[in-house]
Amino acid sequence: MVWSFCGVIADERPGRAPWDEVVIGLERMAPPDPKLGPRWFTGSRLNFAENLLRYADDHPAIVFWNEQGRQRELSYAELGREVGRVAGALERHGIRPGDRVAGFLPNLPEAVIAMLATTSLGGIWSSCSPDFGANGVLDRFGQIRPRVLFCADGYRYAGKEIDSLTRVREVRERIADIERVVVVPYLGQRPEISQIRDAVLWNDWALPPRLQTLQRFDFDHPIYIMYSSGTTGLPKCMVHGAGGTLLQHLKELVLHTDLGREDRIFYFTTCGWMMWNWLVSSLAVGATVVLYDGAPLSPPRLLWDMIEREGVTVFGTSAKYLALAQKEGLDPGVSHDLTALRAILSTGSPLAAHSYDYVYQKIKRDLHLASISGGTDIISCFALGNPIGPVWRGELQTRGLGMSVEVFDPEGHPLRQAEGELVCTRPVPSMPVAFWDDANGEKYRSAYFDHFPGVWRHGDWARLTEHNGLVILGRSDATLNPGGVRIGTAEIYRQVEQLPEVVESLVVGQEWDGDVRIVLFVRLQVGLTLDEALTERIRKRVRDHTSPHHVPRKIVQVADIPRTISGKITELAVREVIHGRPVANRDALANPGALDLFRGLAELQV
């Protein structure tokens with residue numbers, strides 16, 4: 001069992017297990033009343049932060065880089081002392097179990113420290129990255145009403161310094177529940193904060209370290225509030241519990257990734273993506289967590305410089321980064337010493353088959369490449385890597401241990417080697433313990449269980465393979481249906497983005513003449529223009545490697561493609577724009593102005 005194998009710290013009960021029952025109500029995946037649903041490890045009591053701070057030695061806990069290179073290192077002992085300082089200040093302020101504390105922060109060590117300090121007291125941590133506009137922050141934090149807000153004076157991205165304090169001031173003024181704003185100096189040593197009510201600088205506020213006796217809480221005591229992308233309305237606020245998050249992360253880090261004390265793990269992420277929470281849980285293993293704040297290709301070699309210098313053993317990134325690295329012509333296996341690197345993890349979107357080739361040909365032949373897939377909804381993964389199994393080109397290796405993951409047809413029958421809906425038929429500990437402000441569970445049930453009663457429908461279009469692996473074909477709500485044939489968008493992306501002229505692409509279905517026609521938007525390399533020859537090459541590539549049904553009816557060049565803050569392209573928002581329908585929440589996008597490029601296009605009127 002993961003609990004004992006990974007050494008979960010909890011109240012001991014001499015002569016018996018730390019829990020009464022492992023699970024109650026395993027058959028009740030989507031109950032009418034959330035309180036009557038499955039409950040895990042009843043009677044157990046633990047503290048999430050205590051498990052992540054179990055080590056207190058000189059072993060490196062956090063190493064921090066930004067676009068200017070290496071910045072800081074914190075040992076486990078230093079991390080514990082810093083957490084104690086901030087926890088003392090939060091406690092003095094009156095933060096109690098269940099209170100919300102929010103972070104509007106770059107990917108700094110202070111974000112980890114503030115999260116651990118909050119959860120050590122039983123508070124609930126929620127964060128989003130500093131590239132959100134003020135309305136995007138308000139749509140999230142305005143729902144949960146935090147008492148304390150942590151922020152920085154700004155952040156750096158692609159060589160630019162971007163101020164955060166103007167937006168922080170607006171957020172403070174519009175969320176009356178915020179009682180204290182704690183500002184981390186990042187761009188300057190003493191930023192001007194007098195215009196922000198109740199603001200104080202980090203070092204002026206944190207107390208000296210103190211001995212702290214940590215209180216332990218029920219297994220499902222809430223620690224995180226996570227958010228859906230919010231591109232079709234206000235973001236859903238998913239509340240995750242301490243025990244389920246901890247157990248699931250330990251399983252995935254220790255068993256699916258083979259992470260150990262001597263490993264150095266990095267994942268390119270912001271504080272607004274669940275992979276940040278996943279990465280930080282590596283502290284419970286005693287590994288060194290490498291943080292990076294900035295653009296992934298600024299300059300293009302920087303992440304590989306970091307991997308080489310820090311001896312990173314597990315490198316986590318996105319499918320998009322690997323595709324762009326390939327188009328940039330990066331050859332890290334030649335340009336860098338990657339002796340320590342033993343695993344690459346990829347998520348965010350399906351990893352194309354040609355990216356597998358790139359990794360093994362241009363990065364390193366003897367490493368474990370794991371394409372993983374899950375979601376903020378379970379703060380973990382449905383499918384991951386298997387360090388002792390073969391890697392099959394284009395496939396996710398295995399379904400998560402202890403998870404009943406299947407693919408269903410429209411009638412709810414299991415499929416093998418055929419495309420359908422990705423589902424989970426039995427409860428897992430890391431399901432949300434609740435949605436915020438959802439007393440009767442209606443939002444929770446409608447999000448996952450209305451389609452197949454009693455079965456979690458995740459919203460991915462997928463196929464189980466002959467190797468018992470998984471292929472993700474895109475979001476099921478973005479699948480195309482030309483002539484009644486369902487097509488996953490990832491099948492088109494895999495082909496189009498292999499062409500050297502295409503930097504990235506986006507596919508949507510346009511309602512046309514009583515049917516749906518496939519429209520492909522392409523962003524090309526600088527200086528190139530989409531002409532008839534390239535258009536025909538794109539169509540031929542798709543036709544030859546997929547089917548005639550996949551071939552786009554329209555191919556349109558655009559200057560930019562809209563994406564969410566976590567870097568995912570947003571097909572649904574573009575689909576709404578080309579049909580003249582409003583997009584409910586533009587502030588959920590990293591580049592909302594890109595949507596205007598798709599409005600009223602003459603090419604889509606004929």
Side-chain angles (χ1 to χ4, degrees), residues 3 8-13 18-20 34-35 39-54 56 79-103 105 110-127 141 143-150 177-180 182 205-207 209-226 237-250 271 276-277 280-281 283-284 379 429-438:
W3 185 297
V8 170
I9 299 171
D11 280 352
E12 295 293 333
R13 304 195 301 189
W19 56 83
D20 296 329
K35 296 182 175 63
R39 296 182 59 214
W40 295 85
F41 296 96
T42 57
S44 63
R45 294 181 66 81
L46 57 84
N47 184 294
F48 183 79
E50 181 182 16
N51 276 273
L52 271 62
L53 293 170
R54 66 180 67 196
L79 176 62
R81 286 194 292 270
E82 288 301 302
V83 171
R85 291 179 63 212
V86 177
L90 287 170
E91 190 173 50
R92 180 180 62 179
H93 186 79
I95 295 299
R96 298 291 180 263
D99 286 344
R100 279 79 62 208
V101 175
L105 287 160
E110 283 82 2
V112 180
I113 293 164
M115 180 278 288
L116 290 169
T118 299
T119 56
S120 74
L121 299 172
I124 307 174
W125 174 259
S126 189
S127 59
F141 295 163
Q143 294 188 69
I144 67 168
R145 304 182 303 279
R147 292 183 60 193
V148 175
L149 173 66
F150 287 91
D177 302 82
I178 295 176
E179 302 161 355
R180 174 66 73 191
V182 183
W205 183 74
L207 292 170
R210 65 178 182 82
L211 292 175
Q212 186 179 15
T213 301
L214 295 179
Q215 181 181 352
R216 291 172 178 165
F217 305 94
D218 291 341
F219 182 87
D220 58 0
H221 181 82
I223 54 161
Y224 289 139
I225 296 177
M226 312 291 291
C237 305
M238 294 163 273
V239 184
H240 287 288
T245 301
L246 179 65
L247 278 184
Q248 189 82 331
H249 286 181
L250 285 172
C271 299
W276 181 85
N277 308 74
V280 172
S281 288
L283 296 170
I379 202 167
S430 63
M431 290 165 51
V433 297
F435 277 15
W436 190 258
D437 196 22
D438 183 32

Taking the side chain as C-beta and beyond, is there a heavy-atom pair between [X] and [Y] under 4.5 Å?
{"X": "F435", "Y": "C237", "answer": "no"}
{"X": "L246", "Y": "Q248", "answer": "no"}
{"X": "R145", "Y": "I178", "answer": "no"}
{"X": "I9", "Y": "L46", "answer": "no"}
{"X": "D218", "Y": "R45", "answer": "yes"}
{"X": "T42", "Y": "R39", "answer": "yes"}
{"X": "W436", "Y": "I225", "answer": "yes"}
{"X": "E179", "Y": "V148", "answer": "no"}

With rounding to the nearest 0.5 Å, note down the distance linking [atom1] in [X] to [atom2] in [Y].
{"X": "I223", "Y": "N277", "atom1": "CD1", "atom2": "CG", "value": "8.0 Å"}
{"X": "R85", "Y": "L207", "atom1": "CZ", "atom2": "CG", "value": "8.0 Å"}
{"X": "L149", "Y": "S126", "atom1": "CG", "atom2": "OG", "value": "10.5 Å"}
{"X": "S44", "Y": "R216", "atom1": "OG", "atom2": "CZ", "value": "11.0 Å"}
{"X": "I95", "Y": "R100", "atom1": "CD1", "atom2": "CZ", "value": "9.0 Å"}
{"X": "I124", "Y": "T118", "atom1": "CD1", "atom2": "OG1", "value": "10.5 Å"}

Least distance between heavy atoms, [X] atom then [Y] atom:
{"X": "M238", "Y": "P432", "result": "CB-CG, 4.3 Å"}
{"X": "F141", "Y": "G103", "result": "CZ-O, 3.6 Å"}
{"X": "L52", "Y": "S281", "result": "CD2-CA, 4.1 Å"}
{"X": "C271", "Y": "S127", "result": "O-OG, 2.7 Å"}
{"X": "P18", "Y": "D11", "result": "CB-O, 3.5 Å"}
{"X": "H221", "Y": "P97", "result": "CE1-CB, 4.1 Å"}

Is the closest basic N to carboxylate O distance between [X] and [Y] below 4.0 Å?
{"X": "R147", "Y": "D177", "value": "no"}
{"X": "D20", "Y": "R13", "value": "yes"}
{"X": "R96", "Y": "E91", "value": "no"}

- Task: Check whether any side-chain N or O of N47 sits under 3.5 Å from a backbone N or O of S120 as a donor-acceptor pair, and report yes or no.
- Result: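 Judged by distance alone, yes, a pair lies under 3.5 Å.
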
Q) Between D220 and V433, is there a donor-acceptor pair closer than 3.5 Å when you use the side chain of the first and the backbone of the second? A)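 Checked: no pair found.
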
- Message: Set out, in order, the CA-CA distance, both residues' side-chain angles and the distance that settles side-chain contact (heavy atoms from CB on, under 4.5 Å) for I379 and M226, then state yes or no.
- Response: CA-CA 8 Å; I379 202 167; M226 312 291 291; 4.2 Å; yes

Show your reasoning for whether side-chain contact (heavy atoms from CB on, under 4.5 Å) applies to L90 and V86. CA-CA 6 Å; L90 287 170; V86 177; 4.2 Å; yes

Should L116 and L79 be marked as a side-chain contact (heavy atoms from CB on, under 4.5 Å) after you check the CA-CA gap, both sets of side-chain angles, and the distance that decides it?
CA-CA 10 Å; L116 290 169; L79 176 62; 4.3 Å; yes

**OP:** Report the residues that fulfil ring pair (Phe, Tyr, Trp, His ring centres under 6.0 Å) with F41, sequence neighbours left out, ordered by chain and then residue number.
**Re:**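 Per chain and number, F41 pairs via ring pair (Phe, Tyr, Trp, His ring centres under 6.0 Å) with W3, W19, F219.
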
* Asked: Would F48 and W125 count as a close aromatic pair, with their ring centres under 6.0 Å?
  ->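 When the ring centroids of F48 and W125 are compared, they turn out to be at least 6.0 Å apart.
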
Just do the ring-ring contact (aromatic ring centres under 6.0 Å, His included) check on W205 and F150 with the steps written out, would you?
CA-CA 11 Å; W205 183 74; F150 287 91; 5.8 Å; yes

